[in-house]
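These notes concern the structure reproduced below.
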Amino acid sequence: SSILSVSAENLKVMTYNVRDGCGYDEECGNYINDLVVVINAQNPDILVIQEGNTYGHNIFNGLKNKLTDYSARADPPNGRGTFVKKSFGSITTFKESTYVAKGPETGATPTRYYTRAEVTLTSGLKLVIYNTHLFPVPLLPEAQNQNLHVCVDSTIKKASVNANKDKQDFSTTEKQAAELASIVAKETLPVIVMGDMNVESDHLASLKSTLSEVELLFHPKKTFPVKPYCANNAAYGYQDWFQDLDHIYYNGFTASFGTVVTTSPAHLASDHYPVVASLTIDPSKIKKDPCGNTKIAIIGASNEVEPSYA
């Protein structure tokens, strides 16, 4: 193989949990214009959204109609959407993951957890975009009830609020991440994995062992700002949501630091802040195979496989 003659092409990527347009205060249907303002201000070449149809409002379709400079695809049940600026490239193939258990211990409904889009740039180079939304496991009912009581009763001391944090179960989330890492490791094109992963990066060791992580510049507000969502807090044991839950990983690129966008109206448009990063194609990791196809030099050729658990 010979090194492919490619320029150090730059691209700006963005991941955004848009909460189906329900905003920070759960006023569904009022925030699509704010979402558009936030997205247009960043002007990403590639955008992925999560929760584009979580509550039945199908904000994905609304954004697709308003972001006319982009082509877009999504998985119908969840509205997990991938947008590519038309002047930058096009989505040539799009695939959803199989259904996986959201929490087998609780009987939660199985769901899809990623989409895979193959993108062809106007330069001819191809790359792969994974858009993922990993899911935590709810606590057992007795712990949920105790947490809900703590959350709604403002007279209980803060120290009691975290009483059930040790009951959090990250095993299913980590299993999804490990399964995704095993799939991504077999990719032979430059690859980017982005999304709301519902855990901080210390629970994503499998992805970090396969891919490079976009490190976030210091940002005191984190990607999921503090708000007392009692129902969610009770269910999952998060009594302090002050965490970085949204991440970007990559291979075949170099990257600058990522930025958490907290400027207005991002503080209202969703309960997550978007994360953006600038990536540059790394020519040293791109090769041609005998047929002229691009490959990541450090990864062997193999077909993608689906998750093996249900």
Side-chain angles (χ1 to χ4, degrees), residues 1-4 6 9 11 13 15 46 48 50 73-75 78 80 82 84 89-101 110-121 124-135 171-199 201 203-214 247-255 277 279-310:
S1 304
S2 60
I3 297 296
L4 178 67
V6 296
E9 188 163 1
L11 61 153
V13 298
T15 178
I46 297 174
V48 297
Q50 303 83 45
R73 295 283 301 274
D75 59 327
N78 304 104
R80 191 179 296 106
T82 298
V84 177
S90 60
I91 299 171
T92 49
T93 63
F94 188 82
K95 180 180 181 180
E96 304 166 19
S97 68
T98 53
Y99 285 94
V100 298
T111 186
R112 299 183 189 277
Y113 76 104
Y114 75 81
T115 62
R116 177 189 184 274
E118 188 171 304
V119 176
T120 302
L121 308 188
L125 188 68
K126 293 183 179 181
L127 53 89
V128 174
I129 306 297
Y130 283 85
N131 178 10
T132 187
H133 191 184
L134 305 181
F135 292 94
S171 62
T172 292
T173 312
E174 292 170 343
K175 187 176 182 180
Q176 291 169 15
E179 196 76 48
L180 181 58
S182 70
I183 293 168
V184 172
K186 297 174 177 66
E187 290 288 353
T188 61
L189 293 170
V191 62
I192 305 170
V193 178
M194 301 185 279
D196 172 10
M197 303 191 187
N198 266 312
V199 290
S201 65
H203 292 284
L204 299 170
S206 56
L207 281 173
K208 290 195 287 187
S209 68
T210 305
L211 305 167
S212 298
E213 180 180 12
V214 171
H247 307 278
I248 300 173
Y249 295 90
Y250 61 91
N251 195 10
F253 302 87
T254 58
L279 305 179
T280 302
I281 295 290
D282 184 354
S284 70
K285 291 186 177 181
I286 308 299
K287 285 187 176 181
K288 268 186 178 179
D289 69 8
C291 297
N293 299 312
T294 59
K295 292 181 178 291
I296 298 175
I298 61 174
I299 294 182
S302 177
N303 292 326
E304 183 193 19
V305 296
E306 286 290 355
S308 58
Y309 62 98

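Residues V193 and T210 have side chains not in contact (no heavy-atom distance under 4.5 Å, counting atoms from C-beta outward). At a threshold of 4.5 Å between non-hydrogen side-chain atoms, the residues L207 and H247 do not count as touching. Between T15 and Q50 the shortest side-chain heavy-atom distance falls below 4.5 Å. With contacts defined as side-chain heavy-atom distances shorter than 4.5 Å, the pair R116/T93 qualifies. When side chains are defined from C-beta on, H203 does not count as touching T173, because their heavy atoms never get closer than 4.5 Å. Taking the side chain as every heavy atom from C-beta outward, V199 and L204 approach each other to under 4.5 Å.
Expressed to the nearest 0.5 Å, how far CG of N131 lies from CE of M194 amounts to 7.0 Å. Between the CG atom in L125 and the CD1 atom in I281 there is a gap of 5.0 Å [rounded to 0.5 Å]. The line from OG1 of T82 to CD1 of I129 is 7.5 Å long, rounded to the nearest 0.5 Å. With values rounded to the nearest 0.5 angstrom, T115 atom OG1 is found 11.5 Å from K95 atom NZ. Rounding to the nearest 0.5 angstrom, the gap separating the CG atom in N251 from the CD atom in E187 is 10.0 Å. Considering CG of D75 and CZ of R80, their distance stands at 4.5 Å, rounded to 0.5 Å.
Partner L279 forms a side chain to side chain contact (heavy atoms under 4.5 Å, CB included) with one of L127, V214, I46 and no other, that one being V214.
The aromatic rings of Y250 and F253 sit perpendicular, their planes meeting at an angle over 60°, well past the 30° parallel limit.
No side-chain N or O of Y113 forms a donor-acceptor pair with one of E179 less than 3.5 Å apart.
Panel note: side chain N198, backbone F135; no donor-acceptor pair is recorded below 3.5 Å. Between the K208 side chain and the S201 main chain, a donor and an acceptor come within less than 3.5 Å of each other.
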> side chain to side chain contact (heavy atoms under 4.5 Å, CB included) between S97 and Y130: does it pass, once the steps are laid out?
Replying inline: CA-CA 10 Å; S97 68; Y130 283 85; over 6 Å; no
>> If you apply the rule side chain to side chain contact (heavy atoms under 4.5 Å, CB included), what do you find for Y249 with V184, and how did you get there?
In response: CA-CA 11 Å; Y249 295 90; V184 172; over 6 Å; no
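Under the side-chain contact (heavy atoms from CB on, under 4.5 Å) criterion, A178 pairs with S206, not counting sequence neighbours.
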